[in-house]
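Because the structure is predicted, anything quoted here is derived from the model rather than measured. Numbers restart at 1 for each chain; the letters A, B, ... are given by sequence-line order, proteins then strands.
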Amino acid sequence: MQVVRFSTLRTPPGFDLTIQRFNGSTIHSTVQRLKLCPATLILGPMSAEKPNPERKTLDERAKMSELERIRHSCAHVMATAILRLWPEAQFAAGPPVENGFYYDVDLPHRISPEDFPKIEEEMKKEIKANHIFEKKIVPREQAIQDAQSGRLGGLTERPGNPSKFKIGNLEDIPEGEAISYYQNGDFIDLCAGPHVMRTGNIGAFKLTSVASAYYKGDERNPQLQRIYGTAFKNKTELEAYFTMLEEAKKRDHRKIGQEMGLFAIDTEYVGPGLPLWLPKGAAIAEELEKLAKETEFAAGYRIVKTPHIAKEKMYLTSGHLPILYAESMFPPMRLLEGDEEKREQEAFARMVDIRELKKKLDENSTEAKELEKNFRRLISEIDLLGTKYYLKAMNCPHHHRIFAAEPRSYRDLPLRLAEYGTCYRYEQSGELFGLMRVRSLNMNDAHIYCTTEQFAQEFNAVNEMYLKYFKIFGIEKYVMRFSTHDPSRLTGDNAKFVNEPELWKKTEDMVRDTLKNSGINYVEVPNEAAFYGPKIDVQVWSVIGREFTLATNQVDFAVPKRFGLVYRDKDNIDKTPLCIHRAPLGTHERFIGFLIEHYAGNFPLWLAPEQVRVLTIGDEAPLVDYAKAIVKELRSNMVRAEADFTTNPIKAKIQDAETAKVHTMLVIGPRDMQAGNVSLRVHGKGNLGAKPKADVIAEILCAIKERRG
RNA sequence: GCCAAUGUAGCUCAGUGGUAGAGCAACGGUUUCGUAAACCGUCGGUCGCCGGUUCAAUCCCGGCCAUUGGCUCCA
């Protein structure tokens, strides 16, 4: 096994990006040919033990760049400064990260950005003192003792305030591995290094934000305050970094989406995470859908349409309910039939009575407890009344019922059912993020039912479809992630995966072989599979560096069986098909959010919300008539063309069109009209001069048809 | 969901314990102009919502909602 770290994904040249964690897991891969496009890889061996994702191996540490050492050292300096201000602070982990460093600290005082100046002041003192980062190897017993005395991650011994997180960190250090301290001035930290020579080697730094994080990334652990900062070799680089951040913010899809009028999120009337597609944004979605429909029709997919809701039984059968996926689904709506409504009202009335009675009693009395029991029984009684309907969070169960709607023969396979519909997922409020993470999802979804023999070819075809799409959009920076199951989670309280050990092995091997044989680069991530089978996700990064799954391709060997899906094989025996869930364009929301940032709003002609704007110089009637005819011709050819025939000066009209990121501007003045020309101007390319009207229109139609970048 | 910060006009943002401004946008008019902003005027806000303190709250305090930055989770 190898740990994979890679750099420079969505950061500008010269800035080192290290991704240590990948959805909570360290990236593993068994492959040697780890040339992930186009990320640079640094490989290092990994210990046989299940890794703590926070922990780097010694080998990885040895390879830390100068910049990482500066940042890591700066984290220690920050801890030193925080301790000068709040000596009781307890520290957990303080590594360098993609664009800087952080240190997790437990402290009753809530550190806010207002505290940054005084922390930075202390840090400057520590840097000015130019202390040496002194390394010391100590026996484990001494380390434990120093942690208990509060000396680790402290300036002095702190009786009664042991370094509790350092004790936990010590446990993660394998037996036999050297335990080392680093000391700068009074500050001693349990740390494997490496550091710069002296605190004075930290060139320029700045604290950036404060957040919270669970100790060791586990939500059962205490929440710590995570103080983020960044550091560079010198002030120039530090300033360049902040300039870059400002630039990145300008292409944030939320900002551009607002400016260009692509979508709106009306939290008051519609709800958080439920974007409204404005006409211009919807136009992009339509284009994506058109691309998908053309591609999929040619590849033998058939479109189906299904309702947005289904009975509870559907999801109990699929396994999404009662527990596994319940949190991610909107609560059900219930339809009461017959006398159920009456029974419900009676139960409610009784509940009110019970509450009143209970108020008069001592909470711990037997009678109160009995009433409480009755109250709960009534709740569960009500819960059982009526038929529950759920908003669908995925299309697969509906598609399974389509499979079941007719008798199937092996001759029908592979059966590829595609749907362009909306699903609804109840994402946690803190997860919502512009278009990238929403609660209503328009999916380019399909399910392929096939035999084991057909699997490899079908699975490959899906992967090729991704790559074809990515080429069209010029998406080059992505990582394919192959998620497998964790055998220890097939049964028991912590069970996450269907208990079919052999099928897991078989399908995972199939996927791995398919990937290897097709030469696709990927990383393998244990324990991240869907509950019904292994999957491949395509990971990309938003402009502010947040990671997202764009496309997905999943194997399902479990759910078709639960629905009793079968086809009659050649040997006259009924067999269960495999199912491939795939969404090469992910959801429209996320894909478009990504594309907005990818293109910085400057969409290619075929995708541009407003493809052409015709601008007249002045508003004389004959000129306007000439221009109107051009708009009409374009529109009758399905070109999204708008007109600006106002009396504003042409400079102002061009300014408006450029600001709106209109792809092609056709400027028409009296001279053009007389010659049967239009003056062509393309967004970002400036004035391309006068050309015959017919030629320009033909070229526009051609470029759209060919989806030219 | 958790931790923190933020919430002033459609947008970007000033500002104050004595019920608010600017630029852009929008609208009306003047201008008839050749490739990134012509000129004049008008409209526009229960200062996120609810409650508390106060003679008086947009400002201080509390709760809620939403957003942002993270964590956890995911397409």
Enumerate donor-acceptor pairs with a distance under 3.5 Å from any side-chain N or O in residues 669-680 of chain A to protein atoms, sequence neighbours excluded.
from      : atom 1 : to        : atom 2 : distance (Å)
Asp672(A) : OD1    : Ser679(A) : OG     : 3.1
Asp672(A) : OD2    : Gly669(A) : N      : 2.9

- Check the surroundings of atom NZ in Lys118(A): do more than 12 heavy atoms from other residues, nucleotides or ligands lie under 6.0 Å from it? yes
- Message: Taking donor-acceptor contacts at under 3.5 Å, does the side chain of Gln225(A) reach the base of C3(B)?
- Response: no
- Query: Do the side chain of Arg226(A) and the base of A4(B) come within less than 3.5 angstrom through a donor-acceptor pair of N or O atoms?
  - Reply: no
- Message: Counting only heavy atoms and a strict 4.0 angstrom limit, can you tell me which residues of residues 262-273 of chain A come near RNA chain B?
- Response: Thr267(A), Pro272(A)
- Message: Counting only side-chain nitrogens and oxygens, does Ser429(A) get under 4.0 Å of the OP1 or OP2 atom of G1(B)?
- Response: yes
- Message: I'd like to know if Arg425(A) reaches the base of C73(B) with its side chain such that a donor and an acceptor end up less than 3.5 angstrom apart.
- Response: no
- Message: Taking atom types as they are modelled, would you say the side chain of Tyr102(A) forms a donor-acceptor pair with the base of G69(B) within the 3.5 Å cutoff?
- Response: no
- Do the rings of Phe470(A) and Tyr466(A) sit parallel, tilted or perpendicular, given the 30° and 60° boundaries? parallel
- Task: For a salt bridge (Lys or Arg N to Asp or Glu O under 4.0 Å) with Asp537(A), tell me which candidate from Arg590(A), Arg582(A), Arg481(A) qualifies.
- Result: Arg481(A)
- Message: Regarding His399(A) and Asp445(A), do their side chains bring together a donor and an acceptor under 3.5 Å, going by distance alone?
- Response: no
- Distance test, side-chain N/O of Arg254(A) to OP1/OP2 of G69(B), below 4.0 Å: yes
- Message: How would you summarise protein contacts on nucleotides 39-50 of chain B per nucleotide, using B for base, S for sugar-phosphate only and - for none, with heavy-atom distances below 4.0 Å?
- Response: ------------
- Under 3.5 Å on both distances, the Watson-Crick or G-U partner of A37(B): none
- Short side-chain donor-acceptor distance under 3.5 Å, Asn442(A) and Glu289(A): no
- For Asp656(A), report the nucleic acid contact type (base, sugar-phosphate, nothing); a contact means any heavy atom under 4.0 Å. nothing
- Is there a donor and acceptor pair, one atom on the side chain of Thr647(A) and one on the base of U31(B), closer than 3.5 Å? yes
- Item | Counterpart base for G69(B), defined by Watson-Crick or G-U wobble contacts under 3.5 Å | C3(B)
- If pairing means Watson-Crick or G-U wobble with both distances under 3.5 Å, then the partner of C13(B) is G21(B)
- Message: Any base atoms under 4.0 Å from Arg681(A), or only sugar-phosphate, or nothing? Heavy atoms, all strands.
- Response: base
